[in-house]
Amino acid sequence: MKEANLEKVYDPKAVEEKWMTRWEEEKLFHAGSQSDQPPFSIVIPPPNVTGSLHLGHALNSTLQDILARWQRMSGKNVLWLPGMDHAGIATQNVVERQLAKDGQGRHDLGRAAFIERIWEWKAQSGGSILKQLKRLGASCDWSRERFTMDEGLSRAVQTVFVRLHQEGLIHRDKRLINLCPHCRTALSDIEVEHEDLQGQLYTLRYPLAEDPKKGLTVATTRPETMLADTAVAVHPEDPRFNQWIGKKVTLPLTNREIPIIGDPILVDQAFGTGAVKITPGHDFNDEKSGKRHQLGKYSLIGWDGKIHRAALLEAEVESDLVQELDQQTMLAARKIILEKLDKAGVLVQTEEHLMSLGKCYRCKTVVEPFDSPQWFVKVNEPGCSLAQEAVDAVRQKKIRLIPESWAPNYFGWMENIEDWCISRQIWWGHQIPVWYCKSCDHGHILKTGSGDTMIAEHATPIVGERTCQSCGGEDLIQDPDVLDTWFSSALWPFSTLGWPADVQLDEAGQKEAQALLKQFYPTSVLVSAFDILFFWIARMIMMGLHFMKEVPFRDVYIHALVRDAEGQKMSKSKGNVINPLDLMDRYGTDALRFTLASMASPGRDIKLSEDRIEGYRNFCNKLWNAARFIQMNRPEKINPSPPSEGDGLQGVCNRWIQSRLNETVQSVDVSLQNYRFDEAAQAIYQFTWHTYCDWYLELAKVDLQNEATREESYSTMTAVFERILRLLHPMMPFMTEELWTHFQKDPGFIAVAPYPKYHAERRDISAEDVVQEVVIATILAVRHVRGEMNIPPSEQLQVFINVEDKKVQAAFEAQKTYLQRLARLSEVSIGVGIEKPPMSATAKTGRCELYLPLDEVRIRDEIERLKKRQDKVIKSLEILEKKLANPKFTANAPVEVVEKTKTEQEQFREEQTRFITEIEHLQHLLSGESGRT
RNA sequence: GGGCGGAUAGCUCAGUUGGGAGAGCGUCGGCCUUACAAGCCGAGGGUCACAGGUUCGAGCCCUGUUCCGCCUACCA
């Protein structure tokens with residue numbers, strides 16, 4: 001036990017840094033791969049290596065830390081594994097921007113040097129987020145930190161790629177993908193954000209080839225793509241046009257004629273003109289239709305998103321236009337083409353139209369559907385559907401989604417999932433483990449203008465080998481593309497544990513990996529925000545099931561997004577981002593953590609208001625001052641270690657507080673089991689402040705003054721406080737660790753102290769009854785009178801307590817001193833049928849009637865007070881009587897309910913009678929008084 | 001278009017075998033009461049979005065409506 005006195009106000013800065021360092025030094029959070037304790041494991045949702053801590057991370061990490069610390073204290077072998085992902089596009093962008101300052105591009109450095117440069121950047125300024133997580137108190141096993149580009153994880157990525165390829169689940173195909181012209185790479189479907197905007201819908205008229213007077217009108221929001229049209233589709237059952245199917249139209253501005261086809265899937269007769277232009281090279285739906293009808297495909301743009309000459313020539317665009325459009329963006333081309341169309345009399349109509357536009361989720365550039373060879377994962381292959389297995393796992397409850405309401409979303413997405421484009425045309429990431437033979441595929445290995453290598457569509461990939469199958473040659477070139485970052489993130493729950501163990505570098509490494517995987521896979525729970533449910537969670541489930549034959553985690557706890565006080569999503573562009581580090585500086589980390597925990601109700605976003613944080617900062621201070629109070633009341637002779645669970649206590653308040661604490665422990669345990677962080681936080685808050693501080697410590701002031709009761713009182717308040725600290729530690733690790741040192745002889749660390757356990761048999765009903773019904777109820781009754789009549793606490797009151805029998809009288813006599821002190825009473829007289837002084841306020845509790853003598857001046861106030869109370873009673877009584885008067889109620893409601901209602905009715909009636917009598921009595925007194933003077 | 005969620009005190013939100021409408025913050029009144037004014041004591045404040053239905057009884061179950069948010073797919 002430390003002698004040093006506590007400061008009057010809790011100062012978080014003074015303790016937070018110290019403890020995180022100490023915890024780390026002592027390796028308290030290291031999870032052994034060999035342990036007899038039951039395992040509990042969480043892998044962190046890897047934050048982005050370029051990222052810094054925002055409130056979403058703070059919430060996410062706080063919740064994980066609460067679980068980790070709670071389970072650790074409960075005796076589990078806890079692994080909370082930290083790490084980051086390499087964030088291919090984002091990181092490459094960061095370093096390219098740095099280079100740009102010196103007027104350089106990545107091609108100036110070359111691939112190897114550029115990647116070297118990124119590693120340097122990472123070493124210097126990457127991953128600051130993990131340091132910030134430490135400040136938050138995250139009890140990760142930092143010795144097991146992982147990074148998706150680590151050697152081990154890279155081997156896992158390669159293994160997975162090769163195996164999926166062998167199984168036919170990865171293949172190369174040339175088709176439309178989402179191109180971000182700024183990032184110059186393909187994106188997967190979900191990396192495209194859709195944004196609504198007001199655009200224009202243009203109606204064009206394509207003349208019939210055999211009779212130009214006739215023609216079809218088509219509508220489009222992107223008229224510039226018309227140069228690449230390869231057909232016009234109508235509905236085969238549309239009587240207006242179906243006789244034209246098989247004929248041709250002349251495609252304006254080109255020298256081509258294109259067929260009219262019938263396509264019931266693409267065309268909605270009721271919409272627009274009823275005819276649709278088909279551009280398989282620039283539109284996903286058209287591409288599908290094109291496949292159905294074996295149409296050709298023209299792609300006007302290149303990787304830079306710009307139109308290029310060769311494509312225009314191929315599409316037989318009129319020659320004067322070729323010159324004008326070469327090197328234009330599609331958007332710039334629109335203006336030119338519209339002019340030409342108008343001139344040619346083809347543009348029939350322009351109207352406003354609400355549409356949505358796809359943008360790159362990283363850089364917000366408008367994405368272009370772009371035809372190019374890419375690698376895809378077949379996620380829904382008949383006979384071996386990764387998606388189907390992932391759906392089944394959730395449907396069969398092998399994985400629990402919490403809250404469950406996410407399931408329909410998950411199922412809906414998984415059931416409509418399309419192939420996953422996994423290749424990216426960037427340098428930072430896992431280079432695709434595929435090679436091509438330089439001699440056999442000579443013609444397919446191309447150089448682009450910027451110096452990049454391109455592998456053409458029909459090259460023969462060599463996967464899992466280092467020699468060419470056809471020529472036996474070893475002069476190979478690796479596929480220049482890298483894999484989607486999410487491809488490696490999808491392996492995170494097992495790649496971080498050392499999978500595949502058999503390719504670890506040495507025997508010791510293999511053994512460790514095997515042990516870790518055995519011990520910690522499947523992980524216990526994944527804690528994540530819903531916005532990456534599809535990006536990441538769904539893919540982990542697919543990969544985990546496929547490669548581990550077992551789910552990656554049992555529970556998925558999906559928490560909310562943190563929004564600002566107005567409910568707006570925080571974003572840099574809106575400027576409403578609240579920096580959690582700033583909040584931690586101002587209110588303390590514990591206060592922030594407690595706020596986040598107490599607002600984490602399932603299925604609802606968190607609108608973070610600073611008032612709330614301030615409230616919990618005050619709570620920190622409250623607890624701190626409770627500690628001070630205890631410290632200041634330490635008896636001269638230090639007493640022996642306190643009875644830990646409260647056996648054999650004499651004092652009724654001591655028995656009561658132990659019993660209440662035990663109930664709180666149970667409710668916290670149940671709440672945490674159910675991921676109800678908000679309920680757990682509230683239960684602790686309520687008990688600590690409103691039961692322990694407001695009542696128990698105040699009552700204990702009486703016992704501390706008495707030689708006979710002092711020791712037990714002190715040891716109980718210490719024991720309960722010490723258990724509050726442990727109960728609270730997962731939510732407020734810093735302050736509880738600090739205070740712990742003041743309350744333990746041989747402190748060790750609270751972080752690894754046992755978590756309080758509930759003992760059903762320790763409930764002390766009789767103590768609860770005495771304290772609640774005799775002590776608290778009586779004190780409250782006096783306080784109500786005081787408060788409602790504005791009698792200041794400095795004015796001590798006299799009270800007469802009228803009780804039913806001797807037994808109750810004895811109970812009150814025994815608690816007299818508590819009543820005196822907390823109700824601020826000068827004199828307390830207790831008796832059976834004790835006489836009521838004529839001029840007094842009255843109150844009633846379940847056990848007694850109280851009379852508080854008042855002077856004449858206050859009698860008027862008392863009448864008013866009684867009338868107000870009476871009004872309330874009358875209202876309640878009316879409701880109850882109406883209920884009981886209804887024969888259907890008495891006949892149909894359960895007996896208990898009817899009985900309860902009757903009892904309440906009786907009580908209210910009694911009260912009402914009392915009020916009437918009392919008010920009359922006082923009024924009579926007053927008129928008597930006035931009559932006398 | 002499909003899906004999900006929300007609407008309860010001035011604000012932020014709890015509230016499941018259907019029977020008591022609650023918490024924190026703010027507001028008002030009284031307090032330096034020997035841990036804490038970041039505190040203590042008390043008070044006021046609600047047509048539980050709207051309209052129906054089921055039921056003896058609905059914040060809760062059912063149907064519809066309105067408004068708000070998000071996800072997803074997009075109509076050329």
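Letters A, B, ... mirror the listed sequences (proteins, then strands); counts begin at 1.
- For A:Y616 and A:Y587, the ring centers are positioned 6.0 Å apart or more.
- Side-chain proximity of A:Y685 to the nucleotides B:G24, B:A38, B:G19 is greatest for B:G24.
- In this structure, A:R783 reaches the sugar-phosphate backbone alone: every heavy-atom distance under 4.0 Å involves primed, P, OP1 or OP2 atoms, never a base.
- Pairs passing the side chain to side chain donor-acceptor pair (under 3.5 Å) check and including a residue from residues 876-905 of chain A, sequence neighbours excluded, read A:E881-A:R909.
- Using a cutoff of 4.0 Å between basic side-chain nitrogens and carboxylate oxygens, A:E788 and A:K868 are not scored as salt-bridged.
- For the pair A:K872 and A:V9, both in contact range of RNA chain B, the more 5′-proximal nearest nucleotide belongs to A:V9.
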- line: Pairs under 3.5 Å (Watson-Crick or G-U), crossing ones as [ ], inter-strand ones as |: RNA chain B comes out as ((((((((.[[[[.)...(..]]]].(((((.......))))).....[[[[[..)....]]]]])))))))....

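- Along RNA chain B, the nucleotide closest to A:E679 and the one closest to A:I879 are compared, and the more 5′ of them pairs with A:E679.
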field: Base-contact (B) and sugar-phosphate-only (S) positions in nucleotides 30-35 of chain B, heavy-atom cut-off under 4.0 Å, - elsewhere
entry: SS-BBB

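- Taking the six-membered ring for Trp and thresholds of 30 and 60 degrees, A:W689 and A:F619 have nearly parallel ring planes, at less than 30 degrees apart.
- Checking B:C56, B:C71, B:G24 against every side-chain atom of A:N409, the shortest atom distance belongs to B:C71.
- Spacing of C1' atoms, B:G42 relative to B:C67, comes out at 39 Å, to the nearest Å.
- At most 12 non-hydrogen atoms from other residues, nucleotides or ligands lie less than 6.0 angstrom from CD of A:E404.
- Taking side-chain N and O atoms only, A:H690 has a distance below 4.0 Å to OP1 or OP2 of B:G24.
- A heavy atom lying under 4.0 Å from RNA chain B marks the following residues of residues 671-678 of chain A, by number: A:R676.
- Ring-plane geometry between A:Y685 and A:H690 is classed as perpendicular, the angle between the planes exceeding 60 degrees on a 0 to 90 degree scale with a lower cut at 30.
- Listed pair A:N892 / B:G57 fails the phosphate criterion, with no side-chain N or O lying under 4.0 Å from OP1 or OP2.
- Listed pair A:W689 / B:C40 meets the phosphate criterion, a side-chain N or O lying under 4.0 Å from OP1 or OP2.
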Can you list, pair by pair, the side-chain donor-acceptor contacts under 3.5 Å of residues 263-279 of chain A, counting residues two or more places apart and other chains?
| residue | atom | partner | partner atom | Å |
| --- | --- | --- | --- | --- |
| A:D263 | OD1 | A:I265 | N | 2.9 |
| A:D263 | OD1 | A:L266 | N | 3.1 |
| A:D263 | OD1 | A:R292 | NH2 | 3.4 |
| A:D263 | OD2 | A:S289 | OG | 2.7 |
| A:D263 | OD2 | A:R292 | NE | 3.4 |
| A:D263 | OD2 | A:R292 | NH2 | 2.9 |
| A:D268 | OD1 | A:A270 | N | 3.0 |
| A:Q269 | NE2 | A:H235 | ND1 | 3.4 |
| A:T273 | OG1 | A:T217 | O | 2.6 |
| A:T273 | OG1 | A:A275 | N | 3.3 |
| A:T273 | OG1 | A:A275 | O | 3.2 |
| A:K277 | NZ | A:T225 | OG1 | 2.8 |
| A:K277 | NZ | A:D229 | OD1 | 2.9 |
| A:K277 | NZ | A:T279 | OG1 | 2.9 |
| A:T279 | OG1 | A:D229 | OD1 | 2.6 |

Under 3.5 Å between N/O atoms: give me all the protein pairs with nucleotides 74-76 of chain B, atom names plus distance.
| residue | atom | partner | partner atom | Å |
| --- | --- | --- | --- | --- |
| B:C74 | O3' | A:N285 | ND2 | 3.4 |
| B:C74 | N4 | A:S356 | OG | 2.2 |
| B:C75 | OP1 | A:N285 | ND2 | 2.4 |
| B:A76 | OP2 | A:H353 | NE2 | 2.9 |
| B:A76 | O2' | A:A219 | O | 3.2 |
| B:A76 | N6 | A:D268 | O | 2.7 |
| B:A76 | N6 | A:F271 | O | 2.3 |
| B:A76 | N1 | A:D268 | N | 3.2 |

